[in-house]
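Values below: all heavy atoms of this structure, side chains included; hydrogens, waters and symmetry mates excluded. First listed ligand is number 1; within each ligand, the first listed atom is number 1.
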Amino acid sequence: MASQRKFVVGGNWKMNGNKSSIDGIISFLNAGPLDANTDVIVAPPAAYLDYVRSKVNANVAVAAQTCYKVDKGAFTGEISPSMIKDVGATWVILGHSERRHVFGESDELIGEKVKFALSEGLNVIACIGEKLDEREAGQTNDVVFRQTKAIADNVLGSDWSRVVIAYEPVWAIGTGKTASPEQAQEVHQSLRKWVSDNVSPEVAQNVRIQYGGSVNAGNCKELAAKPDVDGFLVGGASLKPDFVTIVNARKD
Ligand code: PGA
């Protein structure tokens, strides 16, 4: 039976762009056409959330790339879920591997952020993924299950409908080395089984699991054909018109 899960594609712009290059991205997003059966989300740098929201069509949701775990206060440099909502963005990416490995975010902090963002009404793309040495040591499942548990422990029942899991093997991010469709499917399937055993079969059936790591216009169709791949989180290629092809990977 084909999955009932709606395909979901996010573009993580990371720390890239300025008003002029962002205008170019917005024009190819608005020209589309974007498959109406796919949820499309773009995550600009925080400084441009408001700008992007004011210019991109309503069929594209806007996400922050991270946020903090409290509403306001003396936390220099951070932004809160209420600020994200105030400028019309509705999603936040949490636990991205660059937040984990460049900025030292722990499973515990990511769990706290997930909890607070959900309690504030945001939708969350929660990222997990193993490093190359962990994969080579046969620890992929241990790592992604541990990371998923730290997230799942902070999601209350019905809030699961506002969570998307992004499986992004660290060795595939920005390296041009994509997981093969079989490698992605294998991990996605194990993750869904973990969710079934540790959360509930119903959540496992409905939760969307994106793949991320060097997704491009050339490899997206084959990956999208896998039954447990419910979308993508795209970095580099989300800055280019190729992103439209990736959004439409499930179409015809
Ligand atoms: P990439 O990044 O597509 O450039 O590999 C993916 C990501 O970090 O989400």
Check: Rounded to the nearest 0.5 Å, how far apart are CG of Leu94 and CD1 of Ile110?
Finding: 8.0 Å
Next item on the list: Fit a plane to each ring of Tyr211 and His188, take the angle between them on a 0 to 90° scale, and name the class: parallel (under 30°), tilted (30 to 60°) or perpendicular (over 60°).
Entry: tilted
Notebook entry, point to check: Name the residues with a heavy atom less than 4.0 Å from ligand 1?
Noted result: Asn12, Lys14, His96, Glu168, Ala172, Ile173, Gly174, Gly213, Ser214, Leu233, Val234, Gly235, Gly236
Note to self: Other residues, nucleotides and ligands only: do more than 12 of their heavy atoms fall within 6.0 Å of NZ on Lys226?
What the structure shows: yes
Next item on the list: With sequence neighbours left out, write down each residue that passes ring-ring contact (aromatic ring centres under 6.0 Å, His included) with Phe243, or none if nothing qualifies.
Entry: none
Margin query: For Ala89, give me all partners under side-chain contact (heavy atoms from CB on, under 4.5 Å), at least two apart in sequence or on another chain.
Written below: Leu49, Val62, Ile84
Next item on the list: Name all residues meeting the side-chain contact (heavy atoms from CB on, under 4.5 Å) criterion together with Val170; count only those two or more places apart in sequence or in a different chain, and write none if there are none.
Entry: Ser97, His101, Lys131
